[in-house]
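Chain letters run A, B, ... following the sequence lines, proteins first, then strands; residues in each count from 1.
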Amino acid sequence: MKNREIADMFEAIADMLELLGGNAFRVNSYRKASRVIGDLTDDVADLAEAGRLQKLPGIGASTAKKIVEYIETGTMERYEKLAAEVPEGVIEMMHVPGVGPKTAGLVYKEAGIHSVTGLAEAIEAGQLTDLPGLGPKKLENILKGVAVYLAGQERVLLGRALPVAEEIAEAMRKVRGVREVLPAGSLRRRRETVGDIDILVASTEGKAVVEAFVGLRQVRDVLAAGETKGSVRVEGGLQVDCRVVPPECFGAAAQYFTGSKAHNVRLREIAIARKLKLNEYGVFRGDEPVAGETEEEVYAALGLPWIPPELREDRGEIEAAQAGELPELVELDDIQGDLHLHSTWSDGGASIEQMAEACRALGYHYLCVTDHSQSLTIAGGLGPEQLARQREEIDELNKTLEGFRILAGCEVDILGDGSLDLPDDVLAGLDFVIASIHTGMTQSTDRITRRIVAATEHPHVHAIAHPTGRIIGQREPYAIDFEALVRAAADTGTALEINAYVERLDLNAVHARAARDAGVRLVINTDAHAPDQLAMMRFGVATARRGWGAKEDVLNALPLKKLLAVLKRKHA
DNA sequence: GCCGTTTTCGGCCCGACTGTTTTCAGTCG
């Protein structure tokens, strides 16, 4: 699958064209094409073969031709020509905060600088002071930017950022003069990682609110503190911005600061078509404000229903909203139970009883114990006899629990050859079987796809756990043919998991969307190894929502009776 | 380079901030 390569090439073409002073709209077209191809789960080669490339938004005759060229020949002339002209390091300089295409182009053309480190050295040696537009402050600023860039400026996991944001938001709600507080930005859209935290505050007293913000006990460094905006770093280096807006603009500001950028651009285009103007202060006809106090009225002024933040990525949500076809997204309250968790029988930290109590406290009606299977000795995997004894314990516990049911299950390993780690008759006796890969993760696309597809075809496997194996920032997904997996899951009635573990979120949002579009049932599980980890369910639900998942798409949003009926069907 | 409820040509998102200027270019979100 060459989607990623092609998306990256279009992005690089955009960067290089921009640096060379090419038409800005053309640059934008390449960026859009890059995003569209990058978001695709279908193989772009299949679309090309079917002659359907130009059906994609932002893909016209010219980019379609380049895609076909790359698929057929393995190279793209446009890209190669530009790459011969612009050294890679010059493009990299553009990614330093404070350095854009103009500055990178200038220092390259006028001073021959072609790397980020070369840029820093030249500034420190005082070599760039004669260049137009580069005064001492600008140069100092670039130097700081290089330090930030080289430090890696990593994005932070949603699971880490969200609690920080909520704590700060809670503290800000207690500040005098504050009417409303909303953590906005990519965090509100529940992206799996976030770059920084944006806290939006409605108040008429900007300065006092900002002062209170930078004085919060969580604050370690104050980066800026003005009339309407404060910027700080908290423990761990995470940057938090606070913006104060008047209450009558709060809705427009919330919309604006939630993004995504691509979504906002589309909204502004719609505004223009309606002879309106949209900015962070409201919707305007001429100078006349038409909307702004709530997000609902901002969207309504553009002829749209309110769109849930998780969908705001310009991935078709605006068209769906216009057609009145937005999905009714699954909510945390819809979740009836957790179907993938561990106990002290394998590598968990709590007894089944403790896990059950924790699940009841969350308002669930059932859980399924899915300890590891025998070959995973390092995790204390269970064999047939242990599973039988575990079942006895579960049966005893179920006698004492009212209105709650513990299901007996297993996270069975998919072995290297695609067979399962437990005999069929043992699996047949379990309520729920979720299969997963813990070894041979680096196998070829062909092998690993056959392995997982074989597991979906197994009559006793109800779901595949963490289907791509990726761990955010640590491990790439398996080289699996995802389309083939989705087809197999759809054909066999096997659910695919959204593993809610904050480092996993696997399936991710784009994969989850493709699965649900193909009619595959999703199952959202925490894979908890201790009671407190059950709370990660919210991140799995957020990912399902980003994947356009509705309650009906989610296996464990079913009430117990219906769930058991569905599980039985696969067994039979 | 894309695209069509004013268009197959001529448009294409908006405002703030900063540092460099003397009216504005570049960068950012």
Checklist entry - Do other residues, nucleotides or ligands put more than 12 heavy atoms under 6.0 Å from the CZ atom of A:R4? => result yes
Checklist entry - Taking only residues two or more places apart in sequence, or in another chain, which ones meet A:T63 in a side chain to side chain donor-acceptor pair (under 3.5 Å)? => result none
Checklist entry - Counting only heavy atoms not in A:E166, do more than 12 fall under 6.0 Å of its CD? => result yes
Checklist entry - Reckon A:V96 touches a base, only the sugar-phosphate, or nothing at all at heavy-atom distances under 4.0 Å? => result sugar-phosphate
Checklist entry - Would you say A:T63 reaches B:dC2's phosphate, i.e. side-chain N/O to OP1/OP2 under 4.0 Å? => result yes
Item to check | Gap in Å between the two P atoms, one belonging to B:dT7 and one to B:dC12, rounded | outcome: 15 Å
Checklist entry - Whole-Å distance between B:dC14 P and A:N28 CG? => result 13 Å
Item to check | Span that lies between the C1' atom of B:dT8 and that of B:dC2, in whole angstrom | outcome: 12 Å
Checklist entry - Starting at the 5' end of DNA chain B, which residue's closest nucleotide do you reach first, A:R243 or A:E269? => result A:E269
Checklist entry - Which base sits across from B:dC24 as a Watson-Crick or G-U pair, both distances under 3.5 Å? => result B:dG19
Next on the checklist: A side-chain contact here means heavy atoms from C-beta on lying under 4.5 Å apart; do A:I168 and A:F213 qualify?
Outcome noted: yes
Item to check | With sequence neighbours excluded, residues passing side-chain contact (heavy atoms from CB on, under 4.5 Å) with A:V178 | outcome: A:V175, A:V181, A:V201, A:V209
Checklist entry - How close or far is atom P of B:dA16 from atom CG of A:D241, stated in whole angstroms? => result 17 Å
Checklist entry - Is the number of heavy atoms from other residues, nucleotides or ligands under 6.0 Å of A:E319 CD greater than 12? => result yes
Checklist entry - Do any of residues 44-58 of chain A sit with a heavy atom less than 4.0 Å from DNA chain B, and if so which? => result A:P57, A:G58
Checklist entry - Within the structure shown, what part of the strands sits under 4.0 Å from A:K66 by heavy-atom distance: base, sugar-phosphate, or nothing? => result sugar-phosphate
Item to check | Close side-chain approach of A:L40 to A:L47, heavy-atom, < 4.5 Å | outcome: yes
Checklist entry - Are A:E313 and A:R546 close enough for a salt bridge, meaning some N to O gap below 4.0 Å? => result yes
Next on the checklist: Suppose you measure atom P in B:dA16 against the same atom in B:dC9; what distance do you get, rounded to whole Å?
Outcome noted: 37 Å
Next on the checklist: I'd like to know if the side chain of A:R470 reaches the main chain of A:R504, judged simply by a donor and an acceptor atom lying under 3.5 Å from each other, with no hydrogens or angles considered.
Outcome noted: yes
Next on the checklist: Tell me if a side-chain donor or acceptor on A:D506 pairs with a main-chain N or O of A:G469 at a distance below 3.5 Å.
Outcome noted: yes
Checklist entry - Could you give the CG-to-P distance, from A:L82 to B:dG1, as a whole number of Å? => result 10 Å
Considering only distance and modelled atom types, tabulate donor-acceptor pairs under 3.5 Å from the side chains of residues 238-251 of chain A, sequence neighbours left out.
from, atom 1, to, atom 2, distance (Å)
A:Q239, NE2, A:S231, OG, 3.1
A:Q239, NE2, A:D241, OD1, 3.1
A:D241, OD1, A:S231, OG, 2.6

Next on the checklist: For A:N279 and A:V99, find the nucleotide of DNA chain B closest to each by heavy atoms; which residue's nucleotide sits nearer the 5' end?
Outcome noted: A:N279
Checklist outcome for this item: Per the under-4.0 Å heavy-atom filter, residues of residues 286-315 of chain A near DNA chain B come out as none
Item to check | Whole-Å P distance, B:dA25 and B:dT21 | outcome: 13 Å
Checklist outcome for this item: Taken to the nearest whole Å, CD1/A:I142 to C1'/B:dT27 is 11 Å
Checklist entry - So, does A:S34 use its side chain to make a donor-acceptor pair with the main chain of A:Y30 at under 3.5 Å? => result no
Next on the checklist: Does anything in residues 255-264 of chain A come within less than 4.0 Å of DNA chain B? Heavy atoms only, and list the residues if so.
Outcome noted: A:Y256, A:K261
Item to check | Residues in side chain to side chain donor-acceptor pair (under 3.5 Å) contact with A:R285, at least two apart in sequence or another chain | outcome: none
Checklist entry - Partners of A:R179 by side chain to side chain donor-acceptor pair (under 3.5 Å), sequence neighbours excluded? => result none
Checklist entry - Looking at B:dC12, B:dC14, B:dC28, which one has an atom nearest to any side-chain atom of A:F25? => result B:dC12
Checklist entry - When the distance from CD of A:Q322 to P of B:dG4 is rounded to whole Å, what number comes out? => result 12 Å
Checklist entry - Got a sec? Which of residues 118-129 of chain A come in under 4.0 Å of DNA chain B, heavy atoms? => result none
Item to check | Spacing of A:I272 atom CD1 relative to B:dC12 atom P, expressed in whole Å | outcome: 7 Å
Item to check | Pairwise P distance for B:dT27 and B:dT20, with rounding to whole Å | outcome: 13 Å
Checklist entry - To the nearest angstrom, how far is A:D198 atom CG from B:dC28 atom C1'? => result 13 Å
Checklist entry - Salt bridge between A:E317 and A:R266, side-chain N to carboxylate O under 4.0 Å? => result no
Name every donor-acceptor pair, under 3.5 Å, that has one atom in a side chain of residues 125-133 of chain A and the other anywhere in the protein, sequence neighbours excluded.
none

Checklist entry - What is the per-nucleotide protein-contact pattern of nucleotides 17-24 of chain B, from the 5' end, where B denotes a base atom under 4.0 Å from a protein heavy atom, S denotes such proximity for sugar-phosphate atoms only, and - denotes neither? => result --SS----
Next on the checklist: Considering every strand and a 4.0 Å limit on heavy-atom distances, what is the contact class for A:K277: base, sugar-phosphate, or nothing?
Outcome noted: sugar-phosphate
Checklist entry - Which is true for A:L267 with a 4.0 Å heavy-atom rule: it touches a base, it touches only sugar-phosphate, or it touches nothing? => result nothing
Next on the checklist: Tell me whether A:E295 is salt-bridged to A:R312, with the criterion being a basic N under 4.0 Å from an acidic carboxylate O.
Outcome noted: yes
Checklist entry - What do you reckon, is CZ of A:F257 surrounded by more than 12 foreign heavy atoms closer than 6.0 Å? => result yes
Checklist entry - Can we say A:D43 and A:K2 salt-bridge, meaning some charged N sits less than 4.0 Å from an Asp/Glu carboxylate O? => result no
Item to check | Candidate nucleotides B:dC28, B:dG15, B:dT27, ranked by approach to the side chain of A:P97 - the nearest | outcome: B:dC28
Next on the checklist: I want to check one thing: is the phosphate of B:dG1, taken as OP1 and OP2, less than 4.0 Å away from some side-chain N or O of A:S62?
Outcome noted: yes
Checklist entry - Does A:E170 come within less than 4.0 Å of A:R173, counting only side-chain N to carboxylate O? => result yes
Next on the checklist: Please check: side-chain N/O of A:Q54 versus main-chain N/O of A:A64, any donor-acceptor pairing under 3.5 Å?
Outcome noted: no
Item to check | DNA chain B contacts among residues 204-212 of chain A, heavy-atom distance under 4.0 Å | outcome: none
Checklist outcome for this item: Between NZ of A:K32 and C1' of B:dC12 the distance, given in whole Å, is 12 Å
